[in-house]
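The next block holds one structure in the form of structure tokens; read it before the comments.
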Amino acid sequence: MSMLHTINKSPFEKTSFEACLNHVNGDSSILMIEDGVYGAMKGTAFSEKVAATNGVALYILGPDMQARGISEDRLIDGVKVVDYAGFVDLVTEHDKVQAWL
Amino acid sequence: MSDVKKFMYVNRKAPYGTIYALESLEVVLISAAFDQDVSLAFVDDGVYQIMKGTKTDGIGMKNFSPVYNALGDYDITKLYVEQESLDERGLTLDDLMDIKYEDEDDDWAEKPSIKVVSRKEMADVMDQQDVLMSF
Amino acid sequence: MKLSVLVNEGPYQHQASDSALLFTKAALEKGHEIFRVFFYHDGVNNGTRFTVPPQDDRNLQESWTALQAEHELDLVVCIAAAQRRGILDENEAERQGKDGNNIAPGFRISGLGQLVEAGIESDRLVVFGD
């Protein structure tokens, strides 16, 4: 079954992001929202862990990314930017949603 | 409401410092009245919620630990605890409350409600759910 | 599809309510049904009409109320969490002997069973919190 994981915490503040990565299975997707968007940046002490999620689709919520001054060229390769409509699509395309708070 | 859904309450926060553990438990108790397939997950600091020996007299708050012991009476008998989360915190099963339920299909034999599972197993159990609630 | 939303945090302190509002709007625009928005924990503070944010700031309560009016949304504030935090409707104020109520238009106060029911009746439940 497919699962959408949402993560809204910076990986540098709390362990929520790490917990999320530790509980994703193959056909899952991760959507980074709110302060979770910092986890999508490349060149950080956390980037390799995010990039190592082989087969897991990575998404970032554009409005939250832009609000925090992150440009698309700073993102880890393969991270796709979605808007709120895309967030809704991700929710309906997966069987269920787990929010890592 | 004919279909039974698999509900999992994901607990990742310690008790008392914030209200999440208590109010999560309140939802769990209410959900028992809806005849759904309910389970609880204790991950990360969530494992602190079911430590034994809690005494709250000195902080002026009600001790809600006994409520976990009563979950069996509400047919809530699946409490998944993550091994790695225990290990990281220097805890073992002995540090947790001995939460039991009476199995009506087995002559009301007392059985442990707590199931210690690996991180991988926890991910798989979460994957099998229909609804995941986290607070 | 039928969706429900759970909001665990109050307005302004945390982005959760903003995110939930924008998600709910987007879902409605895409033609999905919002079965219920349930406000729990400090999320009940979204439902007081007594908030007065600065004029250049957004007013989350009014946004929820307007969205409710437009789409006949079911905005439910958890009664137990609301009582702890001083959110009362007229009936509760009278029952508890309080001298006023503060529930915002479009919100209603009800029990936790409404959250469990939302989980049962909806195709998806999306949680916003801290």
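First the proteins, then the strands, lettered A, B, ... as listed; each starts at 1. Note that this is a predicted model, so its numbers are computed, not measured.
- The part of C/Leu3 that comes within reach of chain A is its side chain, from C-beta onward, which places non-hydrogen atoms under 4.5 angstrom from that chain.
- With a 4.5 Å cut-off on side-chain heavy atoms, C/Lys30 and A/Asp89 count as touching.
- C/His14 is listed as a side-chain neighbour of A/Asn8, based on a closest heavy-atom distance under 4.5 Å.
- The local environment of CD in A/Glu48 is sparse, with at most 12 non-hydrogen atoms from other residues, nucleotides or ligands closer than 6.0 Å.
- Once rounded to the nearest 0.5 Å, the distance linking CG of C/Asp130 with NZ of A/Lys14 reads 5.0 Å.
- Within 6.0 Å of atom NZ in A/Lys80, more than 12 heavy atoms from other residues, nucleotides or ligands are found, so the atom counts as buried in its surroundings.
- A distance of 10.5 Å separates CD in A/Gln98 from CG in C/Leu125, rounded to the nearest 0.5 Å.
- Proximity to chain C (any heavy atom under 4.5 Å) is shown, for A/Asp83, by neither the backbone nor the side chain.
- The neighbour count for A/Lys42 NZ, taken as heavy atoms of other residues, nucleotides or ligands under 6.0 Å away, is above 12.
- Contact count versus chain A (heavy atoms, under 4.5 Å) is highest, among C/His32, C/Gln15, C/Met1, for C/Gln15.
- Annotation for C/Gln13: atom CD does not count as buried by contact number, only 12 or fewer foreign heavy atoms lying within 6.0 Å.
- A 6.0 Å sphere centred on CZ of A/Arg74 holds no more than 12 heavy atoms belonging to other residues, nucleotides or ligands.
- Within 6.0 Å of CD in C/Glu33 there are more than 12 heavy atoms belonging to other residues, nucleotides or ligands.
- Residues C/Ala26 and A/Ala85 approach most closely at CB-N, 4.0 Å, considering heavy atoms.
- Around atom CD of C/Glu72, no more than 12 heavy atoms belonging to other residues, nucleotides or ligands sit under 6.0 Å away.
- Among all heavy-atom pairs drawn from C/Arg124 and A/Val91, the shortest one is NE-O, 3.0 Å.
- Between A/Phe87 and C/Leu22 the shortest side-chain heavy-atom distance does not fall below 4.5 Å.
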